[in-house]
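Proteins come first, then strands; the chains are lettered A, B, ... in the order of their sequence lines, and each starts at number 1. Everything numeric in this text was worked out from a predicted model, so none of it was measured.
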There are 2 protein chains.
Amino acid sequence: MKCTIKDIAKEAGVSITTVSLVLNNKPCRVAVQTRENIIKISKRLHYKPNSTAKALVTKKTQTLGLIIPDISNPFFSELAKGVEMEAQKNNYHIIFCNSNQNGKKDLTNLELLISKQIDGLIISTSLNNSDTKYINQFNRLIFENELPVVAVDRKIPNKNYDTVSLDHREGGFLATMHLLELGHRKIGCITGPTDSDSANERYKGYIDALSLYDVPHDKSLVYHGDYQINSGIEGCEELIKKGVSAIFACNDMMACGAIRQARLMDKIIGKDISIIGFDNISICEILDQPLTTIHQPVYEMGKNACELIITLINEPRSKNQLIKFLPTLIKRATTNTYIED
Amino acid sequence: MKCTIKDIAKEAGVSITTVSLVLNNKPCRVAVQTRENIIKISKRLHYKPNSTAKALVTKKTQTLGLIIPDISNPFFSELAKGVEMEAQKNNYHIIFCNSNQNGKKDLTNLELLISKQIDGLIISTSLNNSDTKYINQFNRLIFENELPVVAVDRKIPNKNYDTVSLDHREGGFLATMHLLELGHRKIGCITGPTDSDSANERYKGYIDALSLYDVPHDKSLVYHGDYQINSGIEGCEELIKKGVSAIFACNDMMACGAIRQARLMDKIIGKDISIIGFDNISICEILDQPLTTIHQPVYEMGKNACELIITLINEPRSKNQLIKFLPTLIKRATTNTYIED
DNA sequence: GTGAAAGCGCTAACAG
DNA sequence: CTGTTAGCGCTTTCAC
């Protein structure tokens, strides 16, 4: 039932070498007739080469590892899609591992993937700057095994691998500029968690834009959130009390919370108050008042990371790349021109 | 740098057999001292067994294939998470493939996965009943390679593999019963696409509930949608005109559309009209008026599918299983007691 | 207690 | 144009 290269060789009355040569389209002069015969037989027998055996000798598994914090997070599932689609196109397979925001798991997953002889790794790490012990072990493993690595979204501490990420600062800038251009001057900001680099960058972009418009940076208009819906609600309440006419929420979840709260306070969104989010999660469009937000080209980032790792595999000495994608503004219904009251 | 069993053997001054024995904890009498020495050396050298080589001899790769239509769909990413978490627990890895709703890709993906010697397959197929040619090839491949298979959510046409799915009919029933119990009698239904089994089942559940309450099934109160937001909008408009006091939308996307439309028509949701969805996608909670809906335990389904495939791998003769998960009602803010006007 | 040797399915020199 | 042979890294009988 299961047939190997041997069975075909026997059936065709040739050596396994010849079969291997033919089936791999090697530039080798095999008589057209033998060639066709071998192909015919391999089809009849439904021959499927054993990639495990092949990998053992070629040292190439055509398999990539993908380590992410959580596949059920829309950001990462979209990323995974981009990676996988590109991989499929290039005859690679993806083994994915959830690390569950647990830095230690990044390490154990890496060990297992190395055991599996992956050709390259794409990782959005869960390692924190404080996990020194794991970080060192992680980097040593990569080094010892000469494993090509591409970091996505978050860089690996203490080491500069090729990286694909988003320019979060530019995103924060874009969002705030949009509000400024609409005439708003008293603009509140609900930030993300302070230990997140990307959240901090978004916040920096907000400051950048304000200073470009010579708007003094009033720290009392900054509410420190945690990317969860509740901090959107609480932040919004506080900021409205302080009289802001617009709010930049550093992610869409918090923007949703802000909308909810603003309505509760009888504000009409897009009139009494403008709200802009960040991420462009799918829900933004579905809302009965679609959310203005900053879009991250996540799919493209995944695709790109995959392209990059494949290049790295084929040209190990290619120079280190640091690709930053640019976010874009998606204007929808929650932001509008400032009207003095 | 990369070290094999041989290196350890040489270093320890023993044969590779002994090393293999020790490192695999084989019930073999190896002197405690040699044993400890081998373990120490393998640690020092950071030995990582080559699973490719191991697989070649054991015929087990500890790898599972996961074929799904689209990882970026929240349903499937949640499913994938359940599968992967359980796999990790059992020392299996997951190779995932998107088929992009393309039945033919199910086939090519399967071929590649077989080449990779996966131990088992979990699949939510994109094959339609009409793809006879591919279906037959698909089923033949599985059979010839004696590959353990678990179908999730959607069954593979023409063949009864072990299956993990949701009782969609019960879900439709639950949703409609909820509305009936609230006193509604003129209940509209926005269905899913007619070629989707699960959509049809949900609709059947709606009919079941109506008949239980002796409410005649008025076909004019059924709007045939396609699971997209727009059919929710259009369906809602039509149904409101027909004077329904409640709507069962067969998925949450359409329910969102319905809410949008109802508001546009100046109806107060939960008062003038009750709306219930299906799926419990994450957005339901975030909405400023959280959606009442039917929850599918997707994560558990993934976990279960993984458990099932592992059982199947270990006990190939275990009897065919057909696991149906039960949906649950999540009461939130969009449904309420019927008030006569 | 430990080792020699065969072999998993395949590729790749090297011969002929 | 085709076959012989060695070997990838590991497990597993069987012998010592």
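Close to dG9(D), at under 4.0 Å from its OP1 or OP2, lies no side-chain N or O of Lys2(B). At dG3(D), one or more side-chain N or O atoms of Ser15(A) fall inside 4.0 Å of OP1 or OP2 (strictly under the cut-off). Between Ser20(A) and dT11(C) there is a side-chain polar atom (N or O) within less than 4.0 angstrom of OP1 or OP2. Taking only side-chain nitrogens and oxygens, Thr18(A) comes nearer than 4.0 Å to OP1 or OP2 of dG3(D). Within the 4.0 Å cut-off from OP1 or OP2 of dT11(C), at least one side-chain nitrogen or oxygen of Asn24(A) is found. Contact between the side-chain N/O atoms of Lys26(B) and the OP1/OP2 oxygens of dT12(D) is found at a separation under 4.0 Å. The phosphate of dG9(C) has neither OP1 nor OP2 within less than 4.0 Å of any side-chain N or O from Tyr47(A). In this model, the phosphate group of dG9(D) is approached by a side-chain N or O of Lys59(A) to a distance below 4.0 Å at OP1 or OP2. Neither OP1 nor OP2 of dC8(D) sits under 4.0 Å from any side-chain N or O of Lys54(A).
Distance, Ile38(B) CD1 to dT2(C) C1': 10 Å, rounded to whole Å. To the nearest angstrom, C1' of dG9(D) lies 17 Å from NZ of Lys60(A). Whole-Å rounding puts the Ile16(B) CD1 to dG9(D) C1' distance at 8 Å. Note: CD1 (Ile5(A)) to C1' (dC10(C)) measures 6 Å, nearest angstrom. A straight line from CD of Gln62(B) to C1' of dC10(D) spans 15 Å, rounded to a whole angstrom. Atom pair Asn145(B):CG and dG9(C):P shows a separation of 13 Å (rounding to whole Å applied). The CG atom of Asn50(B) sits 6 Å away from the C1' atom of dG9(D) (whole-angstrom rounding). Rounded to whole Å, the distance from CG on Leu21(A) to C1' on dC14(C) is 13 Å.
Other residues, nucleotides and ligands contribute only 12 or fewer heavy atoms inside 6.0 Å of the NZ atom of Lys6(A). Crowding of Lys155(A) atom NZ: a count of heavy atoms from other residues, nucleotides or ligands under 6.0 Å exceeding 12.
Checking Ser72(B) against Asp70(B) by side-chain atom types alone, a donor-acceptor pair falls below 3.5 Å. At a cut-off of 3.5 Å, with distance as the only test, a side-chain donor of Ser15(A) or Thr18(A) sits close to an acceptor on the other residue.
With hydrogens and angles ignored, a donor-acceptor pair closer than 3.5 Å exists between the side chain of Thr17(A) and the base of dT4(D).
Closest approach to the Pro49(A) side chain among dC10(C), dT11(C), dG9(D) is made by dC10(C) (side chain taken as heavy atoms from C-beta onward). Taking only side-chain atoms of Val30(B), from C-beta outward, the nucleotide of dT2(C), dC8(C), dG9(C) with the closest atom is dT2(C).
Where Ala53(B) and Gly13(B) each meet DNA chain C at their nearest nucleotide, the meeting point lying more 5' is that of Gly13(B). With the nearest nucleotide of DNA chain C identified for both Leu56(A) and Ala31(B), Ala31(B) has the one nearer the 5' end.
Contact annotation for Thr34(B): backbone-only contact, meaning every heavy-atom pair under 4.0 Å involves sugar-phosphate atoms and none involves a base. Within the 4.0 angstrom heavy-atom criterion, only backbone atoms of the sugar-phosphate kind lie near Thr4(B); the bases stay farther away.
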task = Assess whether side-chain contact (heavy atoms from CB on, under 4.5 Å) is satisfied between Phe96(A) and Glu84(B), documenting all intermediate values.
result = CA-CA 8 Å; Phe96(A) 89 95; Glu84(B) 204 272 338; 3.6 Å; yes

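Paired with Ile142(A) under the rule side chain to side chain contact (heavy atoms under 4.5 Å, CB included), one option of Ile156(A), Leu147(A), Ile123(A) passes, and it is Leu147(A).
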